[in-house]
Amino acid sequence: MSWFLLRRGLRVGAPLTALGRLSSLNPSRSLSSLSFATVEVEEMSGTQPAEVHNFVQGKWTKSSNWNRIVDPLNGEPFIKVADLNETEIQPYVESLAKCPKHGLHNPFKAPERYLLYGDISTKAAHMLSLPKVSDFFARLIQRVSPKSYQQALGEVYVTQKFLENFCGDQVRFLARSFAVPGNHLGQQSHGFRWPYGPVAIITPFNFPIEIPVLQLMGSLYMGNKPVLKVDSKVSIVMDQMIRLLHHCGMPVEDVDFINSDGKTMNKLLAEAKPRMTLFTGSSRVAEKLAVDLNGRIKLEDAGFDWKILGPDVHEVDYVAWVCDQDAYACSGQKCSAQSILFMHENWSKASLVDKMKDLAGRRKLEDLTVGPVLTFTTEAMLDHMNRLLEIPGSKVLFGGKALENHSIPKIYGAVKPTAVYVPLEEILKEKNFELVTRELFGPFQVVTEYKDDQLPMVLDALEKMHAHLTAAVVSNDPLFLQEVIGKSVNGTTYAGLRARTTGAPQNHWFGPAGDPRGAGIGTPEAIKLVWSCHREVIYDFGPIPRGWEVPPST
C-alpha cells in the first residue's frame, strides 16, 4: 500500500480536529507555503529520500556517512541521516566548551534573554497553531513513528500549548528568587535558580516532537546551552522543528543538533563533559550513562506502568475504552502505556475483558490505530508471550497473533493488540516476577484479578517493581484511593473513575518518583528541577557595629 493511499484512508475516517483545530489543506501543497521546511512529507521515498543534517556552531552540516532509515510501513529506505562517527565530534566538543558553567544567561547575566525566549515561545506557539504547520508535523510524525493522525496531531497540540504556557514574562518567572532576612542589619540571603551551562539532551523515538521540544526549551529557558540527540529513526522531525525555531528568532549558536550512533554519542559526552545530561529512554542505557557520567544525569526512563481497578464498578464501557487507549494507542509505544491491569473480581463479572477485546478488535493498520513496533520484532513479542503462557494458569485473553497482509519490514514488530492473563499468586513468585514485569514496548499487556482480601498482594507487587513512572487507580472510593496511593510511589498517578496512565498534557508534571535522578517534563516545577540548580547569595553590606574591636581568636 502506498503512503499516499494510506494517508487518504487515515484522513477520510479521522475527525476533522485532534483537539478543536481544523486541518483541511491539500496534501500536495508546495514547500513555499512553509518557509522553514526543507522536506515534502508525501514525497519522501526510496527514489526521493529526505535528508537530515547536523547543526553545530550555528551551521547546518553533513557527514562522511549517511544512515539510511527505512519506511516502517514498507521497508523502503526513505530518509538519509548525516550520521557522525567518533572522528567528527570535535566541533561539538568545542561548541559546548564555549559555554561557561554559569550559562548563556542567569539572573545576573544577560537577563534580556529571558524575554527573548518568551518572544520565541510566542512566535513558535503561533506557528504550531496554524493548521498548515500542525498538519505538516503531524504527517511527518506519522511517516517515521506510525500512529493514528489524531495521536500525532495531539502530540503537536501538546507542544503548542507548552509553548503558549511560556510566552511573555513566563520564562523569567521560572527564575524567580526569594530572600530571607539575615542576622543583622545589611544581611540577607537570596536563593536563585542557576543554569548548569553546557548540557546534553537524549530523547527516544516514540514522541518525535513533544519530548525533545519540551526538554530543549526548558533547558534554554533556564540559560543552558544544549546539544540535542534524538533517535535517528525520527530525527527528521526535530531537524524541521529546529529550523522553525530559528525562523522564530532563536539564536543559531544556542543549540547544537547531532545525529550519531550510541557509541559516538557516548564518546562526545565523555570528551565534552556536559554539566548535566537529560536522558529519556531505556532503563538499561540510563543505568550505563549514570555510571559513565558520574551521576551528572536526570532520567525519565522506561516504565512498567500499572492500573488498579477498585471494587466499585461504574461506567464499564468508559473504563474499557480508557484501558484500550492506555494499552494500545500508538501501538503501546508510550513509556506511560498500561503494562499490567489489576482488576478486582467485580469488574470480571461486569464483562470488562469482553468489552476490551471488542475495542482492541477495532484497531487496524489501515488507520494506524495499530502499527509497526520499532523496538521489538514480531518474533520477540510472541516469544515473550509464549514464555508467559508457560506460567500455570496463564492464558491469552485476546490477540496473541501477528498482523497479516502488510509490508512492515521484519526488523520491526507487527502484532495484534494482545492481553495475557496471569494469576496474581503466580506473578508474585520470585521465579516469575521479573518475566511478568518486563516492559514490552508494544501493544501488549498483562491482566490479572484480585479479591478484597488480596489487595495487600497487589500492593506487594507494586513495591517490588523497579520503575515508577505512571499509574492509575480507578475508583471513586476515597478510602480505597487513600490505601493505594499511600502505599505506592509512581510519579504521575491518576486517581478516580476517569483515571488513566497515558495522555499526559502539558499542564501537569510527568515523570517518575522514588529516584533522586528522576526527571520531570512540562511544568515550571519540572523545568526548574531538571534544568537549574539552587544558588544562594548572602548579601552582607554592614554597617559594622560602632565601637567594634577585633575579638579574641576562636
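None of these values were measured; they are calculated from a predicted model. Starting from 1, each residue takes its place in the sequence as its number.
Under the 30°/60° scheme for interplanar angles, the aromatic rings of Phe137 and Phe36 are found to lie parallel. The aromatic rings of Tyr221 and Tyr117 sit perpendicular to each other, their planes meeting at more than 60°, with 30° as the lower class boundary. Ring pair Tyr450/Phe480 is parallel by interplanar angle, where below 30° counts as parallel and above 60° as perpendicular.
When side chains are defined from C-beta on, Ile521 counts as touching Gln215, because their heavy atoms get closer than 4.5 Å. Taking 4.5 Å as the limit, some side-chain heavy atom of Tyr421 sits within range of a side-chain heavy atom of Glu449. Contact check for Leu163 versus Met217: side-chain heavy atoms found under the 4.5 Å cut-off. For the pair Met44 and Ile236, the minimum side-chain heavy-atom distance is below 4.5 Å.
In this structure, Gly332 and Ala337 approach most closely via the heavy-atom pair O-CB, 3.6 Å. The shortest heavy-atom contact between Lys298 and Gly518 is CD-O, 3.8 Å. When all heavy atoms are compared, the tightest approach of Leu428 to Lys464 is O-NZ, 3.1 Å. Summarising the geometry of Val373 relative to Ser331, their closest heavy-atom pair is CG2-O, 4.4 Å, with the distance given to 0.1 Å. The nearest pair of heavy atoms linking Gly168 to Thr122 is N-OG1, 3.7 Å. Nearest heavy-atom pair across Pro204 and Asp231 is C-CB, 3.9 Å.
Between the CG atom in Leu214 and the CD1 atom in Ile527 there is a gap of 7.5 Å [rounded to 0.5 Å]. How far NZ of Lys429 is from CG of Leu435: 13.5 Å, rounded to the nearest 0.5 Å. For the atom pair Gln150 CD and Thr369 OG1, the distance stands at 11.0 Å (nearest 0.5 Å). Atoms CG and CD1, on Leu459 and Ile308 in that order, are 6.0 Å from each other to the nearest 0.5 Å. For the atom pair CG (Leu278) and CG (Leu289), the distance works out to 11.0 Å, reported to the nearest 0.5 Å. Here the CD atom belonging to Glu434 is positioned 7.0 Å from the OG1 atom belonging to Thr437, to the nearest 0.5 angstrom.
In this model, a donor atom of one side chain and an acceptor atom of the other lie less than 3.5 Å apart for Ser475 and Asp312. Counted by atom type alone, Gln454 and Glu425 present one or more donor-acceptor pairs between their side chains at under 3.5 Å.
Cation-pi check for Lys357 over Phe398 is not met; the charged atom does not lie both under 6.0 angstrom from the ring centroid and within 45 degrees of its normal. Cation-pi check for Lys416 over Tyr328 is not met; the charged atom does not lie both under 6.0 angstrom from the ring centroid and within 45 degrees of its normal.
Of the listed residues (Lys307, Lys334, Arg500), just one forms a salt bridge (charged side-chain N to carboxylate O under 4.0 Å, His left out) with Asp326, and that residue is Lys307. None of Arg363, Gln151, Gln142 except one satisfies the side chain to side chain contact (heavy atoms under 4.5 Å, CB included) rule with Leu368; the exception is Gln142.
Looking only at distances, a side-chain donor or acceptor of Thr448 sits under 3.5 Å from a matching main-chain atom of Val422. The backbone N or O of Val41 lies less than 3.5 Å from a partner atom in the side chain of Arg143, making a donor-acceptor pair.
Ring centers of Phe376 and His384: at least 6.0 Å apart, outside the cut-off.
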Run Arg517 and Glu287 through salt bridge (charged side-chain N to carboxylate O under 4.0 Å, His left out) and show every step you take.
CA-CA 11 Å; Arg517 304 167 300 177; Glu287 293 299 335; 2.9 Å; yes
Run the numbers on Asn206 and Gln333 for side-chain hydrogen bond (donor to acceptor under 3.5 Å, both in side chains), then give the verdict.
CA-CA 6 Å; Asn206 55 334; Gln333 295 173 101; over 6 Å; no
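Look at Arg362 and Asp358 and you find no salt bridge, because none of the NZ, NE, NH1 or NH2 atoms lies under 4.0 Å from a carboxylate O.
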